[in-house]
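Right, one structure below, let's go through it.
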Amino acid sequence: MNLRLTPVPLVPELSLHLAPDGAGLFDGTGGTYSTDVPPPFWAFAWAGGRALARHVLDHPELVAGRTVLDVAAGGGVAAIAAARAGAAAVRAVDRDPAAVAAIGRNAAANGVAVTAAAADVGDLTVAEDVVLAGDVFYDRTTADRMRVFLRGAARAGAIVLVGDPGRGFFPAGLFTEVARYDVPVPPALEETRSLRTAVWRA
């Protein structure tokens, strides 16, 4: 996929290696989905992650001096924002090893340190003070697993912040809305040019 280092809409302080605006999620797979080769979610800055990044940059006290975990991090926009906002240490995890490589490239491009690893939420132990999750409720199976993980993190004492643009499987009853943003998005991905996206706290 032809990636370009691009300032992130809504979060122009950060630049990520992203697919061009007209690209679709399955362009590099011939238009088909295969469980053997995950689509390159990491090549796009999804609305939930960008809203989280904006919120963290605008409210650095949420992460400053604290340890942060970004789950299902994709290209790492929320993790990079946390590092830029003064987090003591940032760990970003994603199931896709290609996402881990993307996080490394993107963190380097922004001059911040983020530890990235391939991992599934079912295998994670949360030792961090803050957990970030952007756009993780896009299908039922993933949403169910994320709900269990995030509830466990909150019960363990972590600050849990979720960015979500109204995906169909978001469990609103578990969270309290703390902010809302109009996030510009590529029509090729979302069939609209803007998504009203909330940041929620467990």
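Nothing fancy with the numbering, it's 1 onward along the sequence.
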Which atom pairs, one a donor and one an acceptor, fall under 3.5 Å between side chains of residues 3-11 and the rest of the protein, sequence neighbours left out?
unit_1: Thr6; atom_1: OG1; unit_2: Arg4; atom_2: O; d: 2.9

[X]-[Y] co-clustered via ILVMFWY side chain contacts under 4.5 Å:
X: Val162; Y: Val90; value: no
X: Phe169; Y: Trp46; value: no
X: Leu174; Y: Val148; value: no
X: Val56; Y: Val131; value: no
X: Val126; Y: Val130; value: no

Problem set entry | Step-by-step side chain to side chain contact (heavy atoms under 4.5 Å, CB included) determination, Leu189 to Leu25 | CA-CA 7 Å; Leu189 281 184; Leu25 183 59; 4.1 Å; yes

Exercise. Should Arg95 and Val121 be marked as a side chain to side chain contact (heavy atoms under 4.5 Å, CB included) after you check the CA-CA gap, both sets of side-chain angles, and the distance that decides it?
Worked result: CA-CA 8 Å; Arg95 287 183 294 183; Val121 293; over 6 Å; no

Problem set entry | Any donor-acceptor N/O pair, Arg167 side chain to Phe137 backbone, under 3.5 Å | no

Problem set entry | Thr67 side-chain N/O to Ala89 backbone N/O, donor-acceptor pair under 3.5 Å | no

Exercise. What do the steps show when you test Leu124 against Arg91 for side chain to side chain contact (heavy atoms under 4.5 Å, CB included), and what is the final call?
Worked result: CA-CA 12 Å; Leu124 287 178; Arg91 178 168 62 128; 3.8 Å; yes

Exercise. Does Ala108 have any side-chain contact (heavy atoms from CB on, under 4.5 Å) partners at least two apart in sequence or in another chain, and if so, which?
Worked result: none

Problem set entry | Results of side-chain contact (heavy atoms from CB on, under 4.5 Å) for Ala47 - residues two or more places apart only | Asp135, Pro165, Val183, Val185, Leu195, Thr197

Give every residue pair that meets the salt bridge (charged side-chain N to carboxylate O under 4.0 Å, His left out) criterion with at least one member in [range], sequence neighbours excluded.
range: residues 99-119; answer: none
range: residues 193-202; answer: Asp182-Arg196
range: residues 55-74; answer: Arg54-Asp58

For [X] versus [Y], what's the shortest heavy-atom pair and its separation?
X: Val136; Y: Thr142; result: O-CG2, 3.4 Å
X: Ala23; Y: Phe44; result: O-CE2, 3.7 Å
X: Asn106; Y: His17; result: OD1-N, 2.8 Å

Problem set entry | Any residue meeting side chain to side chain donor-acceptor pair (under 3.5 Å) with Asp144, in chain and number order, not counting sequence neighbours | Arg147

For this session: Kindly indicate, with the supporting measurements, whether the criterion side chain to side chain contact (heavy atoms under 4.5 Å, CB included) is fulfilled by Leu14 and Arg50.
Result: CA-CA 10 Å; Leu14 308 181; Arg50 279 192 275 159; over 6 Å; no

Exercise. Please, which pairs that meet ring-ring contact (aromatic ring centres under 6.0 Å, His included) have at least one residue in residues 178-202, sequence neighbours excluded?
Worked result: Phe170-Trp200

Problem set entry | Contact list for residues 79-126, test ring-ring contact (aromatic ring centres under 6.0 Å, His included), sequence neighbours left out | none

Donor-acceptor pairs are to be reported for all side-chain atoms of residues 111-120 against protein atoms at under 3.5 Å, with residues two or more places apart or in another chain.
unit_1: Asp120; atom_1: OD1; unit_2: Gly122; atom_2: N; d: 2.8
unit_1: Asp120; atom_1: OD1; unit_2: Arg145; atom_2: NH1; d: 3.3
unit_1: Asp120; atom_1: OD1; unit_2: Arg145; atom_2: NH2; d: 2.2
unit_1: Asp120; atom_1: OD2; unit_2: Arg145; atom_2: NH1; d: 3.3
unit_1: Asp120; atom_1: OD2; unit_2: Arg145; atom_2: NH2; d: 3.4

Exercise. Any side-chain heavy-atom pair from Leu132 and Leu69 closer than 4.5 angstrom?
Worked result: no

Exercise. Are Trp42 and Asp96 close enough that some pair of their side-chain heavy atoms sits under 4.5 Å apart?
Worked result: yes

Distance (rounded to the nearest 0.5 Å) between [X] [atom1] and [Y] [atom2]:
X: Asn2; Y: Leu18; atom1: CG; atom2: CG; value: 11.5 Å
X: Leu62; Y: Asp129; atom1: CG; atom2: CG; value: 12.0 Å
X: Leu161; Y: Phe175; atom1: CG; atom2: CZ; value: 9.5 Å
X: Asp164; Y: Met146; atom1: CG; atom2: CE; value: 12.0 Å

Give the table of side-chain donor-acceptor pairs shorter than 3.5 Å for residues 149-160, with sequence neighbours excluded, one pair per line with atom names and distance.
none

Could you list the donor-acceptor pairs under 3.5 angstrom formed between side-chain atoms of residues 73-84 and any protein atom two or more places apart in sequence or on another chain?
unit_1: Arg84; atom_1: NH1; unit_2: Glu13; atom_2: O; d: 3.4
unit_1: Arg84; atom_1: NH2; unit_2: Asn110; atom_2: O; d: 3.4

